[in-house]
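Have a look at the structure below before the remarks.
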Amino acid sequence: MTVDIYWRIHMEGDQSSLRHRVRSRGGFAPGGTAPGTRDGRDDGYSHADYMAEVARAAEDSGFVGGLLPNFPHTDDPWAAAATLARETTSYRFMVAFQPGFLHPVQAARMTATLQRATGGRIVYNVISGGGGPAQLWWGDKVDHDDRYARTSEFLDVLKGVWRGGHTHHGRFYQVENAGLPEELAGQPFPEIFFSGSSPAAIDAAGRHADYYLSWLEPFEALAEKFDAVRAHSRTPPRFAVRVDLLARESEQEAWAEIEEGWRARPGQNDFTEGDSVGVRRSRAFLAGAGDDPRALEVAPNVWGGFSQLRDGPAFGLVGDYHQVAERLDQLLDLGVDAFILAGIPHLEEARRVGRHVLPLLKGRTS
């Protein structure tokens, strides 16, 4: 079995470690590594340079590609993919985007252009948004289930435009005889990684996903979610999981890093309130855990406190190299076909995981 393993490319700036919740590398925060200063002047090393360094390190470390996340406080992932593609040779770029803010005809043209320029290295991470203030930042007031209905219609239109001569009169989109220009036609259509935990999301994923993508959860809950997706799919998709890792030479060293970060955390942190079912699921798994970081270990090496040490989902894996590889192998046995891995800081952890964890995966063939 061939397993595609991606590495997350930070878009919002990077921390120097989980012990210090300050974005000191890249991003838009002043005074960090990038943009940097020397003798009071700009040293010419930009946020894009740091992202490129992470992408090259991940490619060299055996990852097939990288996720480019998309938030109000990040660079645009479409533009970043075009920039970073020239820094790599075979590395794929998983562009995260919300269909509601881009017309499907324009999305088809942009994607085909990037496919032509990169030799087919663009992958989609289709997200429909978590509601709340972040959704309103985009100017989007469409409610939860309708966002997934819009996403599904968007993908219907985009696929039709890709084939050419497509006419569509729907609830959200109207097109007449739409298609790509001859010079862009015939490019490979990107694989679709589809996110969402609600029934509406699972129904849409069953129609469109090549990979159903979930955050890491307790393994039994993941298995139930995968079964629900299969039940709603004529042709079940493959499954992918987004996993943060903290892997060290010894288990004690890994947990010491967690405990240092826990003591230094600035205070309660959580996702912005919205209508995300995935966020509510994470909170439910951790209810009543208290303030002891080890109480957030819901299963061996499966820890639910990462969202207290950096922005993002709660669950990840903590342990020595062999333990972390064993848990990833267990996920493969559960039916996972691809991973999006991440670690803080992204640069050094890409090299560490590539060198010490990936070669231990028994369920992976190259």
Side-chain angles (χ1 to χ4, degrees), residues 4-15 23-29 32-36 42-98 101-102 106-127 184 187-193 195 211 213 240 242 244 310-312 338-354 358:
D4 285 344
I5 304 180
Y6 291 81
W7 185 256
R8 185 184 188 273
I9 304 295
H10 69 288
M11 296 282 289
E12 68 278 31
D14 203 0
Q15 298 172 211
R23 294 185 187 129
S24 60
R25 301 183 181 186
F28 305 119
T33 302
D42 186 342
D43 68 358
Y45 186 78
S46 70
H47 174 41
D49 292 322
Y50 182 64
M51 285 197 295
E53 192 170 355
V54 174
R56 289 191 297 267
E59 183 176 48
D60 292 343
S61 298
F63 296 94
V64 301
L67 168 66
L68 298 174
N70 187 23
F71 300 107
H73 56 282
T74 67
D75 285 320
D76 178 77
W78 295 95
T83 300
L84 297 174
R86 292 188 175 274
E87 302 287 341
T88 56
T89 56
S90 62
Y91 200 67
R92 305 174 202 165
F93 293 95
M94 186 184 295
V95 175
F97 70 99
Q98 294 191 41
F101 316 126
L102 188 65
Q106 176 65 4
R109 187 174 69 160
M110 286 170 50
T111 305
T113 300
L114 283 170
Q115 291 292 62
R116 185 184 185 197
T118 65
R121 291 193 277 146
I122 300 302
V123 180
Y124 286 159
N125 174 204
V126 176
I127 53 180
L184 297 179
Q187 296 297 323
F189 191 81
E191 289 184 321
I192 296 174
F193 285 66
S195 305
Y211 288 88
L213 173 62
R242 158 86 169 81
D244 270 66
R310 54 95 185 100
D311 292 340
F339 291 113
I340 302 172
L341 304 181
I344 300 293
H346 289 70
L347 178 61
E348 289 87 346
E349 291 301 309
R351 292 169 175 154
R352 185 194 303 272
V353 172
L358 297 191

E87 versus A52, closest heavy-atom pair with distance: CG-CB, 3.6 Å
Would F193 and Y124 count as a ring pair (Phe, Tyr, Trp, His ring centres under 6.0 Å) if you check the C-alpha gap in whole Å, the side-chain angles of each, and the deciding distance to 0.1 Å? CA-CA 6 Å; F193 285 66; Y124 286 159; over 10 Å; no
For I9 and G66 the tightest heavy-atom approach is CG1-CA, 4.1 Å
Where F93 and A85 come nearest, the two heavy atoms and their spacing: CE1-CA, 3.5 Å
Residues D60, R351: salt bridge by 4.0 Å N-O rule: no
Counting C-beta onward and ignoring hydrogens, is there a side-chain heavy-atom pair between L68 and L84 closer than 4.5 Å? yes
Only pairs under 3.5 Å count here: list side-chain donor-acceptor contacts from residues 338-348, not counting sequence neighbours, and write none if there are none.
from: H346; atom 1: ND1; to: D14; atom 2: OD1; distance (Å): 2.9
from: H346; atom 1: ND1; to: D14; atom 2: OD2; distance (Å): 3.3
from: H346; atom 1: NE2; to: R8; atom 2: NH1; distance (Å): 3.3
from: E348; atom 1: OE1; to: R25; atom 2: NH1; distance (Å): 2.8
from: E348; atom 1: OE2; to: R25; atom 2: NH1; distance (Å): 3.3
from: E348; atom 1: OE2; to: R25; atom 2: NH2; distance (Å): 3.0

Is the F63 to Y91 ring centre distance short of 6.0 Å? no
Under 6.0 Å from the CZ atom of R109, do we count more than 12 heavy atoms belonging to anything else shown? no
Residues which pass side-chain hydrogen bond (donor to acceptor under 3.5 Å, both in side chains) with T118, listed by chain and number, not counting sequence neighbours: none
Less than 4.5 Å apart, side chain to side chain, heavy atoms only: is that true for H10 and T74? no
What's the shortest heavy-atom distance between S61 and L358, and which atoms? O-CD1, 3.9 Å
Taking only Lys NZ, Arg NE, NH1 and NH2, and the carboxylate oxygens of Asp or Glu, determine whether R352 and E349 approach each other closer than 4.0 Å. yes
